[in-house]
Amino acid sequence: MSLRFDDRVAIVTGAGGGLGRTYALELARRGCKVVVNDLGGDGHGSSGTSAMADQVVGEIRGFGGEAVANYDSVENGESIVKTAIDKWGRIDIVINNAGILRDVTFVNMKEIDWDLIFKVHVKGAYAVTKAAWPYMRDQKYGRIVVTSSNSAVYGNFGQVNYSAAKHALIGFSNSLAQEGAKYNILSNALLPTAVSRMSKSVMSDAMASMFLPEHVTPLVLYMVHEKFVDTGKLFEAGAQWYGTVHYYGNKGKVLPEATVEDVRNNWNDIAGMDEIRYLESSKDHMVELMENLNEQKAKM
Ligand code: NAI
């Protein structure tokens, strides 16, 4: 049975181009009503035009879908959510996708490079999700995606600002997942790789033809569907490959009254990954730590 979105209302931020456009089109093809948000600026966070969002709304209406344009910057989350509420009276899905780059080595980074990246990626996701949250809680239903990046997980040269902001979104999503659980609000993070205005300068033509934005779309649509059950997770897509990334810790070692030398002398146990464990939450982490302490103390 095909996965439909009839009677659902979605906001896709930065949907005037790149990945966001493909999400908006496919959601609308599957019956979703879509707020196509895009500031229509350049890739560095300056200027703005309504043309990008209008173009995608035109494409959607062209095949009989329902969409409305919104031209606000994502920090104006209330106004973006108001567009959905005024038009359709509800909001079910928020895909926080809008983004810019201000790549520069750390030594040359200016405060504006840091601030603008945080304003668009972190403050933007906060503002849109915060405005949608009360509606989702009241209706006991919500699907949220934040767009992170491999640069967040692995770091990337020239992207100290971007990696930091993209990692902030993972923490944002993980905590939202816990607060949303009892209201059937799921929140997950996405690590996409696709050719777009943003990434085309770092992709050869051969790579670009493999990494189409359309290959990321099926994963994102599943992540915001009512049948989806995962929350607080990190999913990845690029070039027709789909997967997940998890954080693992090791068993570590209890060292009572440890000195610096004790730490050095036990470095293999502290830093080694022979025995790994996967934990779902900070609470699990604390429980595991206490068990570990008791177990290792009992052996002393
Ligand atoms: P893109 O540049 O084609 O699309 C981003 C869109 O966001 C643009 O249409 C732009 O006008 C819009 N936008 C920028 N600032 C905005 C603001 N303040 N308010 C509203 N809209 C705004 O880039 P792409 O590749 O489609 O990126 C989408 C998301 O995926 C971004 O968050 C990006 O950081 C992330 N990402 C992309 C990767 C890739 O390989 N393309 C890799 C990792 C993450």
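Just so you know, these numbers come straight off a predicted model, no measurement behind them. Atoms within each ligand, like the ligands themselves, are counted from 1 in listed order.
For the pair Arg8 and Tyr141, the distance from NZ or CZ to the six-membered ring centre is under 6.0 Å and the angle to the ring normal is within 45 degrees.
In this pair, Phe228 and Tyr222 present their aromatic rings perpendicular. The plane angle is above 60°, beyond the 30 to 60° band.
Residues that satisfy the salt bridge (Lys or Arg N to Asp or Glu O under 4.0 Å) test with Arg143, not counting sequence neighbours, are absent from this structure. In this view, Asp138 satisfies the salt bridge (Lys or Arg N to Asp or Glu O under 4.0 Å) rule with no residue, not counting sequence neighbours. Residues meeting the salt bridge (Lys or Arg N to Asp or Glu O under 4.0 Å) test with Arg61, sequence neighbours left out: none.
Ring centroid separation for the pair Tyr242 and His215 does not come in under the 6.0 Å cut-off.
Near ligand 1, Gly14, Gly17, Gly18, Leu19, Asn37, Asp38, Leu39, Gly40, Gly41, Met52, Asp72, Ser73, Val74, Glu75, Asn97, Ala98, Gly99, Ile100, Val120, His121, Thr147, Ser148, Ser149, Tyr162, Lys166, Pro192, Thr193, Ala194, Ser196, Arg197, Met198, Ser199 each place a heavy atom less than 4.0 angstrom from the ligand.
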